[in-house]
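For reference, the structure is listed below as structure tokens.
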Amino acid sequence: MNFAEKLKELRLSKGLSQAKLAQDIFVSRSAVAKWENGLGIPNDDSLEMLAEYFHISVEELLYNKESEEILVSKNKMIDVQQRVIKVFLIAVVVVLGIIVYMSYKPIREYVSMIVIGILICSLGIFNIQGNIASIHWYNRRKVSKEDQLPYARLMGIGTFIIGITMILSACIQTLGNIELGAQMILIGIVIGLTIMIYAQYKYNKGIF
């Protein structure tokens, strides 16, 4: 088990969030996130504080610093490559979108629906990954720490379904089938909201 995996296991075993651990050892939450993602290792002072915090030795926490540094270097390279690919894909989508928008008149009527659908899908994906920041007001209500992940995922799935059906509906309507497009978005909204309401009742003990 490498350092990133070890740290995450120790943190979860104590039921700590990254923010809480960061606060307790006087570092930023982003620093803890980097360590757990294999994109960095703590300096000697932070390493000693972590070892003391979890009541283990520095050697148990970070067995081979040299090999960990090599792994971090590889992870950073992969991370940069992934970012470059994402930026390239976004640029391609934007360029293609502009070309389609300029050349195909019917799609101009539904471009706002497509854009809103993309934004809603992005929010859904953000929540599916377990991020609760966009719905953090519920975190201060009745959703327990143990339920945050399944709650965020259900909310994300419901949101994503609404967003993707908006995009598909807009595309279908640009092809002339307005009735089918309207039916699709209605079905998507009903399914998405049903999932989200279920998540509220299951994990948040009600809608309000």
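Because the structure is predicted, anything quoted here is derived from the model rather than measured. For the numbers below, each heavy atom of this structure counts, side chains included, while hydrogens, waters and symmetry mates do not.
The closest side-chain heavy-atom distance from Leu12 to Leu16 is not below 4.5 Å. The shortest distance between side-chain heavy atoms of Arg153 and Asn127 does not fall below 4.5 Å. Side-chain contact between Leu10 and Ile56 is present, with at least one heavy-atom pair separated by less than 4.5 Å. By the 4.5 Å heavy-atom criterion applied to side chains, Phe54 and Ser13 are not counted as neighbours. The closest side-chain heavy-atom distance from Leu154 to Met196 is not below 4.5 Å. The shortest distance between side-chain heavy atoms of Trp35 and Ser46 falls below 4.5 Å. Counting only heavy atoms from C-beta outward, the side chains of Leu21 and Tyr53 approach each other to under 4.5 Å.
For the atom pair CD of Glu52 and OG of Ser57, the computed distance is 13.0 Å after rounding to the nearest 0.5 Å. Summarising the geometry, atom CD belonging to Gln183 is positioned 8.5 Å from atom CG belonging to Asn177; distances are rounded to the nearest 0.5 Å. In this structure, CD on Gln200 lies 13.0 Å from CD1 on Ile195, to the nearest 0.5 angstrom. Taking CG of Leu62 as the reference point, atom CG of Asp44 lies at 9.5 Å (rounded to 0.5 Å). Atom-to-atom distance recorded for Cys121:SG and Ile128:CD1 is 9.0 Å, nearest 0.5 angstrom.
Scanning for salt bridge (Lys or Arg N to Asp or Glu O under 4.0 Å) contacts around Asp24 gives Lys20, with sequence neighbours left out.
Leu47 and Leu39 fall into different hydrophobic clusters, where Ile, Leu, Val, Met, Phe, Trp and Tyr are joined by side-chain heavy atoms under 4.5 Å apart, directly or via other members. Taken together through direct or relayed side-chain contacts under 4.5 Å among Ile, Leu, Val, Met, Phe, Trp and Tyr, Leu186 and Ile189 form parts of separate hydrophobic clusters. Two different hydrophobic clusters hold Val190 and Tyr198 under the rule that ILVMFWY side chains link at heavy-atom gaps under 4.5 Å. Under the 4.5 Å side-chain heavy-atom criterion for ILVMFWY residues, a single connected hydrophobic cluster contains both Met113 and Leu193.
When all heavy atoms of Phe3 and Leu61 are compared, the pair lying nearest together is CD1-O, 3.3 Å. For the residue pair Ala199 and Tyr151, the shortest heavy atom distance occurs at O-CD1, 3.8 Å. Of all the heavy atoms in Ile114 and Ala170, the pair that sits closest is CG1-CB, 3.5 Å.
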Residues 160-169 side chain polar contacts: donor-acceptor under 3.5 Å, at least two apart:
unit_1: Thr165; atom_1: OG1; unit_2: Ile161; atom_2: O; d: 2.8
unit_1: Thr165; atom_1: OG1; unit_2: Ile162; atom_2: O; d: 2.9
unit_1: Ser169; atom_1: OG; unit_2: Gln173; atom_2: NE2; d: 2.9
unit_1: Ser169; atom_1: OG; unit_2: Gly181; atom_2: O; d: 2.5

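The environment of CD in Glu5 is crowded: more than 12 heavy-atom neighbours from other residues, nucleotides or ligands sit within 6.0 Å.
With hydrogens and angles ignored, the 3.5 Å screen pairs a side-chain donor or acceptor of Asn43 with a backbone N or O of Asp45.
Residues Arg11 and Glu36 are paired through a salt bridge, judged by an N-O separation under 4.0 Å between the basic side chain and the carboxylate.
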